[in-house]
Structure formats: structure tokens, C-alpha cells
Amino acid sequence: LSDCAPSIVQTIMADSKVVQYCQQVAWANMTQATKDFTKRAIIDAIGCALAGSAHVTVPGVTQSMLEIDGNGCNVVWGTNKSLHVKGAIFMNAYTAALFDMDDGHRRAQGHPGAVIVPAVLTVASRLGCTGQKVAEAVIVGYDIAVREAVRIREAGGPRKGTSGWCAPGAAAAVGKLLQLTDEQMCNAIGQCEYFTPQAGQDRSVQFPSMTKEGIPWGAYTGSFCAHLAKGGFTAHRPHLADAEELCADLGQKFEIDFTYYKKWAACRWAHPAMGGLEKIKSEKPSFGITEVKHVKIRSFEKALLLSNPKPASTLQAVYSIPFSLAYWLKHGQLEPDNLKDEVAMVSDPEVCDMATRIDMEHATEYTAEFPLRCIQDIIVTLNDGSTVTKETLEAPWDAGERAPSNEEINAKFMTLAEPVIGANAAILLEKLYALDELADVSELTRLMTVH
């Protein structure tokens, strides 16, 4: 019996729909819609990372990763720096999430793209993978990550930020690039469930900082576990492998098809109300900060964690709904370029005063719809005493009928990427749309290097 035991254990470990799905995903079998959504997710994550690379914190964090993990030949996108593969993954995920413009998924309550795309593309560039292999890995990553999020939430306990459920998705995605065996893939996901960050989400959004829901550490951990598994490091059978009902639609429903995108550099929970302001502006072109006396937002409960009207930094500002709305009222936009001059942004007296006149209250009927829907009302009182109300607002650029057009995604990408890599931005965008024709994706990272 002892001679047979290892093979029996291996069979039990690998005999999982989750593992078989990861191994069998093939670009050729995807619908055109899923192919288009996959390219869109990759384009958006790269654009966000390039914009984030210009933030003042990046040189210091890069130096820390250099001291921790050492030098290497893996590009920190948007810079002239290279690091060891794990350090580059950490940095590219950090910058992808930095300005809070990265994609998200309502079912998961977080941001898969900023974890999975940097982990996949950084490793794939080192390995010289094809574009199709990258796309397959990203699809796998989203599917595993989102289902892990649902599994963890249904198990109860404190709500976890993105890395708490997305790291196993990154492990599966990188594992697919590394061509792990069934047993190794099972170990990679199992390890990552065990080693994944705790990433308490409510605390993270209430006290914003550079930790950003653990996103960079989640990408780092996922890649780390995939590489460990390839070397023979074992783990428990993944909990997800036993979630049969949750995984029943693997290979039929691709979660990347249901990704939402962000129009503004602010937490998604601010976007319904910001969309309401945009609607008012379209109806009343003169509408702006000088006309507004007071704003009330009725919202799902979790958004009330983001009610601090006096952020001390841009990282806090993107997690402040009152401040984000006040800034939009004055400028009609909220983009990374607006966040780069931190002192000027958070000290503008007109914006700061307006933020103190924006109140939030709990709407129980909208909490009942959360997280699958994020709904808000906005009631704007003008200086003449009249009010303008927009009700049952949901964020623009959600999946489905409110999804952005290709033109809007392209414009966002160019806004984010061109200030950093100049003329290479247009070339990069063109190559990303032709991702499935690329023989070696290191061609992409060369375009993201600043000389």
C-alpha cells in the first residue's frame, strides 16, 4: 500500500475540474467576443501601469525591490529600470493599481487585471512566449481568481481585498505559461490559497495607502507559488477543487467577459455619483463647482467607508468620494495627470471647501443589491436653492450595455501611456490588438522601456 500511496495522492490532487480547465484552455476555442474582451483587459492594465510608473513613489519602491530581490533583465514598465522577475512583477502590479484606474469585476468585488496581467506578461516576456499563450494565461487567471473570490466570500469571515483571492488566479496563469503538469498546477493553486495575503479590504479603503489591497504582493505571490510548484514544492488540495457547484461552468462562462473599466482615477464606488454629475453637466453645460451649494449622496453602505473629505495625499484622494466629486466639479475630469502634483491637488482651497459640503447617507435598498450592482442617488443643491436629482445611478463603463466602446478604451490608453512612452504608445496599442499574432511578447516590453 505504501508503494501505491504517492500515486493515489497524486491522482486525487490532479483529478480536478479546476486543474483540467487550466490545462485545456486554448485561444483557438474562444469566441471572438472573449478574444476581444481579453485584449481589452490587457490593453487597459498596461495603460494603467504605464501611467502609474510616473508617480513619485516609484523610484523609491523600485530601489527597495532591487535591494530585496536583486538586479535582473525584467523591465519595470514605463521606466529604464530592470529587476529580478519577482521584483518586476511587484512593480508592474503596483503601478497598474496606483491611480485606481484599473479594471474590476463586480462578482469578485475587486481588480483582477492589475494582479494577473503584470504577472503573466512579465514572466511571458522572460520566457519569450507567444501572444496567444499570454492571452490563454490571462483568461485562466481571471476565471480562477473570480471563483476564488466567491468561494472565500461564501465561507464567511472578514472581506478580503483583491490579492486575497486573486493571487491563486495569478498562480494558475503563470503556471500555464510554465507548462506545469496537472499535479504541479494543483500544487501551485493550493500553495497560493495558503500563502495568499490576508488583505483586509474594509481597513484598506478606510485608511488608503500604497498597499492597494495587496495587489503587488498578490501578483508576486502567485508567480512565486507557480515557480515553487514547478520545482516540486507540494501543497494541500485547493479548496477551489472541491467547490464543484461554483466551478461547474468553467470552460463555458469566461469571467473576463464581465470585466468593468474605469473612466476616472477614483475608487469604483465613486463612479455612479460621478456619472450623475456628468449627466447634469451634459444637460446644463455651465454646471460647475461655483454653482453648487451642497451635494448629498445616497449609497450602498460600503461606500460610506470612503467619506473622508480631507485627504492628505493623492493615494487618499482616490479613495475619497467627497473629494473626487469636488475635484470633478471644478475640473470636469479626474485623470493620472491631475494626481501627479500631489500638493497642488489636495490643497486646492476651492476643492477642499466643496468636499466638506458633500455628505453621504446609507440607502438600505442599494446595499441589498451590492456587490453585483453599485447604485447611488445624487441630490445637488444649487446656490439659488433649486435642486437637481439623479437617481438609481450605476457606473459608466460597466460590463454589458454600459461597456465602453473601443474608441473610448483607445483614448484612455493613449491618455495614460503617451505621456510616458511617447510615440511608442500608438505602436504598442496596435501590437496589443494583434496580440494573437505575436511570436514573442518581449517585443511589447521593449516598447514599454523608457531610454
*State whether F258 and K253 meet the cation-pi test: NZ (Lys) or CZ (Arg) under 6.0 Å from the six-membered ring centroid, and within 45° of the perpendicular axis.*
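Positive - K253 is close enough to the ring of F258 and near enough to its axis.
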*Are R268 and Y260 in a cation-pi setup, meaning NZ or CZ lies under 6.0 angstrom from the ring centre and within 45 degrees of the ring axis?*
yes
Can you find a heavy atom in the side chain of [X] that is under 4.5 Å from one in the side chain of [Y]?
X    : Y    : answer
I421 : L447 : no
Y327 : S320 : no
V140 : V138 : no
I116 : C166 : yes
M30  : F254 : yes
F99  : C48  : no
I297 : E361 : no
P322 : M360 : yes

Check the surroundings of atom [atom1] in [X]: do more than 12 heavy atoms from other residues, nucleotides or ligands lie under 6.0 Å from it?
X    : atom1 : result
Y261 : OH    : yes
K412 : NZ    : yes
E244 : CD    : no
K279 : NZ    : no

Strictly by modelled atom types, are [X] and [Y] linked by a side-chain donor-acceptor pair under 3.5 Å?
X    : Y    : result
Y433 : N410 : yes
T314 : E342 : yes
D202 : Q206 : no
E213 : S204 : no
T57  : Y94  : yes
N74  : T122 : no
N338 : H331 : no
T445 : S442 : no

_Derivation of the side-chain contact (heavy atoms from CB on, under 4.5 Å) call for V117 and N92_ = CA-CA 9 Å; V117 174; N92 293 334; over 6 Å; no
Is a side-chain donor or acceptor of [X] paired with a backbone partner of [Y] at a separation under 3.5 angstrom?
X    : Y    : answer
T95  : S53  : no
Q376 : W269 : yes
K212 : A97  : yes
D359 : V295 : no
R446 : V441 : no
E408 : S405 : yes
E136 : A26  : no
T130 : K133 : yes

_Applying side chain to side chain contact (heavy atoms under 4.5 Å, CB included), can you list everything that pairs with A170, at least two apart in sequence or on another chain?_
V115, A119
*Test side chain to side chain donor-acceptor pair (under 3.5 Å) on D103 and H111 and set out the steps.*
CA-CA 6 Å; D103 75 10; H111 310 286; 5.5 Å; no
Using a strict cut-off of less than 4.0 Å between a Lys/Arg side-chain nitrogen and an Asp/Glu carboxylate oxygen, indicate whether [X] and [Y] qualify as a salt bridge.
X    : Y    : result
R298 : E365 : yes
K284 : E291 : yes
E148 : R151 : yes
D100 : K262 : yes
E283 : K390 : yes
R147 : E255 : yes

Check [X] against [Y] and note the closest heavy-atom contact, atom names and distance.
X    : Y    : answer
Q23  : K176 : O-NZ, 3.2 Å
G87  : M65  : CA-CE, 3.8 Å
R402 : D398 : NH2-OD2, 2.8 Å
I358 : A326 : CD1-N, 3.8 Å
L334 : A266 : CD2-CB, 3.9 Å
R40  : P404 : NH1-O, 2.8 Å

Using 0.5 Å steps for rounding, measure from the [atom1] atom of [X] to the [atom2] atom of [Y].
X    : Y    : atom1 : atom2 : value
L250 : Q24  : CG    : CD    : 10.5 Å
T387 : H294 : OG1   : NE2   : 12.0 Å
F37  : I139 : CZ    : CD1   : 12.0 Å
L304 : H362 : CG    : NE2   : 7.5 Å
T392 : I375 : OG1   : CD1   : 7.0 Å
E154 : E245 : CD    : CD    : 8.0 Å

*asked:* side-chain contact (heavy atoms from CB on, under 4.5 Å), that's the test. Do F370 and Q109 meet it? Break it down for me.
replied: CA-CA 9 Å; F370 183 83; Q109 297 185 45; 3.6 Å; yes
*asked:* Which residue in the set I144, I189, V18 passes side-chain contact (heavy atoms from CB on, under 4.5 Å) when paired with P238?
replied: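 Among I144, I189, V18, the one meeting side-chain contact (heavy atoms from CB on, under 4.5 Å) with P238 is I189.
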*side-chain contact (heavy atoms from CB on, under 4.5 Å) partner of T38, chosen from D257, D436, I256*: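 Looking at D257, D436, I256, the match for T38 under the side-chain contact (heavy atoms from CB on, under 4.5 Å) is I256.
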*Stepwise, does the side-chain contact (heavy atoms from CB on, under 4.5 Å) test hold for T356 with K310?*
CA-CA 8 Å; T356 65; K310 298 179 180 179; 4.0 Å; yes
*Show your working on ring pair (Phe, Tyr, Trp, His ring centres under 6.0 Å) between Y366 and F300 and close with a plain yes or no.*
CA-CA 5 Å; Y366 295 158; F300 54 95; 8.5 Å; no
*Stepwise side-chain contact (heavy atoms from CB on, under 4.5 Å) test for L438 and L444*: CA-CA 9 Å; L438 280 181; L444 301 176; 3.6 Å; yes
